[in-house]
Participant: 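Could you have a look at this structure, given as structure tokens, before my questions?
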Amino acid sequence: MKCLHYTTILLQQHSIRPTSWEMEFKNSVFIKIFISICLSILCSSHDFDFFYFVQQWPASYCDSRHSCCYPTTGKPAEDFSIHGLWPNYDDGKWPSNCQRQSSLDQSQISDLLNIMHKDWPTLACPSADGIRFWGHEWKKHGTCTSLDQHAYFQVALDFKKRANLLQILGNAGIRPGKFYSMESMKQAIEDGVGYTPFIECNIDSSGNHQLFQVYMCVDSSASSFIQCPVFPHGRSCGSNIEFPSFSDQYSNISHDEL
Ligand code: 5GP
Ligand code: 5GP
């Protein structure tokens, strides 16, 4: 958004005034095209206002309409896991797929793979090792940041450590396996992280609203949590929500389709 604004100003400033009408037309068109190309290259990589750092609760991903499959590495621990680090604009819109040619190169993140299996497991079916999920997140969101592949995943892993939601909720007496008020969950996270989260729910097989994803905001240089400039729209919960247990769920199945 900011970039578009600067582009417009620059284009206006570079209208030139040569002697003849023909020269003016040719020069200004050429310069405008040149500046547009340069700016589109610059703008495509880091034109956004903040990040959503989104963590998912695995029990709620699994006990929902789409069900789940455990990763090939086995059933994940009962903990929040990363869904993604998503660049966003202050007006609620977001950029996506900024460099369609850029694919995830596993060799760039080989030192992170162990921790990614633990903190960023894939729960979609069919059962997989995570590379496809991480590749999707990189392509859709990571390519719109100014981070390289290693930094993008490293930063997300670091933010998960800085917002240990399970521990934060546990400190407030909120543990999996019960219903809690939406307000108490939000307040506990706000007290623990210092900023208001956005809590997204989905619906379990019995029709209950359950805690599904927690959104925290991070500044555009990916250095600290910030107050969210805008919350996602239309994914609200009821006033009382379930925080379902994952350790009780399908514990005898390792990674076959459920
Ligand atoms: P859903 O429609 O399931 O809420 O979202 C589908 C996908 O769209 C998300 O997984 C994410 O990739 C993207 N998405 C949804 N909402 C937002 C948002 O508010 N900001 C950003 N940056 N991406 C979003
Ligand atoms: P998004 O909604 O972020 O655009 O897309 C998520 C994509 O990654 C979907 O195609 C989804 O099937 C796949 N995916 C693989 N594993 C997971 C997972 O554990 N959680 C979510 N939300 N999506 C996953």
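Both ligands and their constituent atoms are indexed starting at 1 by order of listing. Index from 1, following the sequence. Worth saying up front: this structure is predicted, and the values here are computed from it rather than measured. Note: hydrogens, waters and symmetry copies are ignored here, and every other heavy atom, side chains too, is used.
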Participant: Which one holds for P121 and ligand 2: side chain close, backbone close, both close, or neither close, with close meaning a heavy atom under 4.0 Å?
Facilitator: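 The answer is the backbone.
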Participant: Tell me if the centroids of the rings in F225 and F159 come within less than 6.0 Å of each other.
Facilitator: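 F225 vs F159: aromatic centres under 6.0 Å.
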Participant: How close do Q149 and S103 get, heavy atom to heavy atom, and via which atoms?
Facilitator: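 Heavy atoms only, the tightest pair is NE2-O, 2.9 Å.
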Participant: Under 6.0 Å from the CZ atom of R162, do we count more than 12 heavy atoms belonging to anything else shown?
Facilitator: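 Buried by this count: over 12 neighbours within 6.0 Å.
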Participant: Got a sec, which residues hit salt bridge (Lys or Arg N to Asp or Glu O under 4.0 Å) with D79, two or more places apart in sequence or on another chain?
Facilitator: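 D79 satisfies salt bridge (Lys or Arg N to Asp or Glu O under 4.0 Å) with K160 once adjacent residues are dropped.
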Participant: Check ligand 2 against T122 and write out every atom of the ligand that is under 4.0 Å from a heavy-atom position of the residue.
Facilitator: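 Answer for ligand 2: 15 (C), 16 (N), 17 (C), 19 (O).
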Participant: Taking all non-hydrogen atoms of both residues into account, name the closest pair between C217 and P229 and its distance.
Facilitator: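 For C217 and P229, the tightest heavy-atom pair comes out as SG-CD, 4.2 Å.
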Participant: Taking atom CG of N114 as the centre, report whether more than 12 heavy atoms of other residues, nucleotides or ligands fall under 6.0 Å from it.
Facilitator: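 At most 12 heavy atoms, drawn from other residues, nucleotides or ligands, come within 6.0 Å of this atom.
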Participant: Suppose I only count heavy atoms of L123 and a 4.0 Å limit; which atoms of ligand 2 are within that range?
Facilitator: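 Listed by number with element, the hits are 16 (N), 17 (C), 18 (C), 19 (O).
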Participant: Can an N or O of F133 be found at a distance shorter than 3.5 Å from an N or O of ligand 2?
Facilitator: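 No, F133 has no N/O under 3.5 Å of an N/O on ligand 2.
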Participant: Does K93 make a cation-pi contact with F48 (under 6.0 Å, within 45 degrees of the axis)?
Facilitator: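 Ring-cation test returns no.
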Participant: Could you tell me if E242 and H209 have a donor-acceptor pair between their side chains, going purely by distance under 3.5 Å?
Facilitator: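 Side chains of H209 and E242: no pair found under 3.5 Å.
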Participant: If the criterion is any heavy atom closer than 4.0 Å to an atom of ligand 1, which residues make the list?
Facilitator: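 Those residues closer than 4.0 Å to ligand 1 by some heavy atom are Y52, H83, W86, P87, N88, W94, K140, H141, R235.
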